[in-house]
Amino acid sequence: MKKEAYNLSRTIDDAQRLREIVRVLFAAGFEQYIDAARLRALVPLPHRLRRGLRPAPLGPVAPIEVRFRKACEELGPTFVKLGQMLAVRPDVVGEEAAAEFAKLQERVAPVPNDQMLAAIEEQLGRDWRRMFRSVSAKPIASASVAQVHRAVTHDGKRIVLKVQRPGIRAEVTRDLHLLALLARLLERYVPAARDFQPVEIVRIFSEWTLRELDFTIEAGHIERFRADFNEEPRMHVPEVHWEYTRPGILALDELAGIRLGETKRLRGKRISRKDTAIF
């Protein structure tokens with residue numbers, strides 16, 4: 001335990017966040033794992049929980065995968081993404097759990113406009129306003145890591161800017177550190193958890209997530225995809241505007257479209273869902 005406690009003492013923020021994670025997991029009915037992993041000794045729970053209370057807001061009969069999904073939603077972006085990754089690994093978590101984790105959605109309120117403008121300036125520099133004729137104050141999409149704003153360049157090109165939310169890299173990095181700690185504790189003290197290889201899962205998840213936080217990597221993937229399908233008339237891949245793209249900003253052509261789930265609009269445009277799915 002000394003090694004984990006020493007690593008955790010790096011910042012007070014880490015300790016406070018771990019306390020929050022343990023509280024949420026405890027409330028979701030995972031107290032047996034908290035006890036087995038000796039987390040109570042590592043970070044004392046609030047006094048009202050130490051008195052023996054067992055809050056279970058989802059009820060005692062809620063399946064474990066439902067309780068874990070709810071906990072991920074409460075704990076925020078990093079844990080939502082962890083659940084989403086597990087949703088595509090039924091070989092690891094089972095079919096029922098994978099189906100439940102697939103329900104995880106990144107529904108978050110947009111960041112205030114002044115904060116997002118500051119984030120754009122941090123990425124593009126103080127002269128960023130000279131790059132655009134306009135940048136929309138209201139985002140057209142908002143997720144846990146970034147939100148998307150329309151912009152018009154000075155030559156009239158309509159593009160979109162996917163802008164990383166302020167502070168998200170530090171938040172995710174901290175949570176990944178704590179997930180690695182929790183995974184080590186589970187493998188050490190909970191024999192049943194070893195079959196799921198939590199340390200390896202968190203390692204893979206961390207690598208994937210940190211790469212996702214660098215939008216220049218995403219931009220490179222888009223460019224390669226665009227080149228591969230350049231001669232396919234039915235495929236339109238947005239162009240990357242590298243002059244505005246940075247690790248925290250991705251600039252792309254703005255494309256109009258219809259979501260596959262908007263069946264009425266698809267029928268109105270006489271677009272065959274079957275043909276779309278085959279393509």
Side-chain angles (χ1 to χ4, degrees), residues 77-78 80-89 104-106 108 110-111 116-132 135-136 139-177 179-180 200-257 259-260 276 279:
T78 309
V80 168
K81 288 191 174 298
L82 174 62
Q84 290 173 335
M85 186 192 81
L86 294 175
V88 298
R89 293 301 306 271
L104 283 163
Q105 299 293 326
E106 298 174 285
V108 294
V111 172
M116 292 310 295
L117 294 181
I120 294 174
E121 181 174 310
E122 182 179 351
Q123 293 293 319
L124 297 179
R126 293 181 180 180
D127 295 334
W128 71 270
R129 293 178 187 274
R130 297 180 182 178
M131 301 177 182
F132 306 104
V135 175
S136 65
I140 58 176
S142 179
S144 59
V145 168
Q147 58 190 51
V148 180
H149 293 256
R150 287 189 173 96
V152 180
T153 64
H154 281 294
D155 61 0
K157 184 74 172 179
R158 294 185 177 274
I159 64 174
V160 292
L161 301 175
K162 179 181 176 182
V163 186
Q164 212 163 96
R165 297 168 75 93
I168 190 65
R169 177 177 288 274
E171 177 184 339
V172 170
T173 301
R174 176 204 59 198
D175 281 356
L176 291 174
H177 161 69
L179 274 171
E200 180 65 7
I201 286 176
V202 171
R203 184 191 67 78
I204 294 171
F205 173 64
S206 295
E207 290 180 358
W208 171 71
T209 302
L210 291 174
R211 285 176 60 84
E212 190 181 44
L213 287 174
D214 185 346
F215 289 169
T216 63
I217 295 176
E218 181 178 349
H221 293 326
I222 293 172
E223 270 211 339
R224 285 191 291 273
F225 192 81
R226 177 181 168 87
D228 289 342
F229 289 92
N230 188 45
E231 298 182 1
E232 172 52 65
R234 296 177 296 172
M235 179 77 75
H236 190 174
V237 181
E239 179 183 353
V240 175
H241 294 272
W242 286 100
E243 63 269 39
Y244 313 122
T245 295
R246 303 289 189 277
I249 289 186
L250 174 60
L252 300 169
D253 284 341
E254 180 181 1
L255 300 182
R259 294 177 183 271
L260 292 178
T276 303
F279 177 66

Once you round to the nearest 0.5 Å, how far does OG1 of Thr153 lie from CZ of Arg158? 10.0 Å
Between Thr216 and Pro247, is there a side-chain heavy-atom distance shorter than 4.5 Å? yes
Taking His149 for the side chain and Leu161 for the main chain, is one N or O donor matched with an acceptor at less than 3.5 Å? no
Validation row: Glu254, Ile159 side chains within 4.5 angstrom (heavy atoms): no
Between Asp253 and His241, does a side chain to side chain contact (heavy atoms under 4.5 Å, CB included) hold up when you go through it step by step? CA-CA 8 Å; Asp253 284 341; His241 294 272; 2.7 Å; yes
Met85 vs Ile201, side chain to side chain contact (heavy atoms under 4.5 Å, CB included): CA-CA, chis, key distance, verdict: CA-CA 10 Å; Met85 186 192 81; Ile201 286 176; 3.7 Å; yes
Hey, does Arg129 have a side-chain heavy atom less than 4.5 Å from the side chain of Leu117? yes
If you count the non-hydrogen atoms of other residues, nucleotides and ligands that lie under 6.0 Å from CD in Glu243, is the total more than 12? yes
Can Leu250 and Ile222 be said to form a side chain to side chain contact (heavy atoms under 4.5 Å, CB included), step by step? CA-CA 11 Å; Leu250 174 60; Ile222 293 172; 4.0 Å; yes
Phe132 side chain near Leu124 side chain, heavy-atom distance below 4.5 Å: yes
Measuring from atom CG of Asp175 to atom CG of Leu179, what distance do you get when rounded to the nearest 0.5 angstrom? 6.5 Å
Rounded distance (nearest 0.5 Å) linking atom CZ of Phe205 with atom CZ of Arg89: 13.5 Å
Between Ala251 and Thr245, the two heavy atoms sitting closest are N-OG1, 3.2 Å
Yes or no on side chain to side chain contact (heavy atoms under 4.5 Å, CB included) for Asp127 and Met131, after CA distance, side-chain angles and deciding distance? CA-CA 7 Å; Asp127 295 334; Met131 301 177 182; 5.8 Å; no
Pick one: which of Arg211, Arg246, Lys162, Arg224 meets salt bridge (Lys or Arg N to Asp or Glu O under 4.0 Å) with Glu218? Lys162
Taken to the nearest 0.5 Å, the spacing of Leu82 CG from Trp208 CH2 works out to 9.0 Å
So, do Val240 and Leu252 sit near enough that their side-chain heavy atoms are less than 4.5 Å apart? yes
Can you see which heavy atom on Ala146 is nearest to which on Phe215, and at what distance? CB-CZ, 3.9 Å
Is the shortest side-chain heavy-atom distance between Val80 and Ser144 below 4.5 Å? no
Using 4.0 Å as the upper bound for N to carboxylate O, is an ion pair formed by Arg226 and Glu223? no
In short, Leu104 meets Gly83 closest at the heavy-atom pair CD1-CA, 3.5 Å
Check this for me: does any side-chain nitrogen of one of Glu171 and Arg165 sit under 4.0 Å from a carboxylate oxygen of the other? no
More than 12 heavy atoms of other groups within 6.0 Å of Glu239 CD: yes
Mind checking the CG-OG1 spacing from Leu210 to Thr173? Nearest 0.5 Å is all I need. 5.5 Å
Just wondering, do Val237 and Asp228 contact through their side chains at under 4.5 Å, heavy atoms? no
Hey, does Lys81 have a side-chain heavy atom less than 4.5 Å from the side chain of Val145? yes
With no hydrogens and no angle check, is any side-chain donor or acceptor of Arg169 less than 3.5 Å from a backbone partner on Leu213? yes
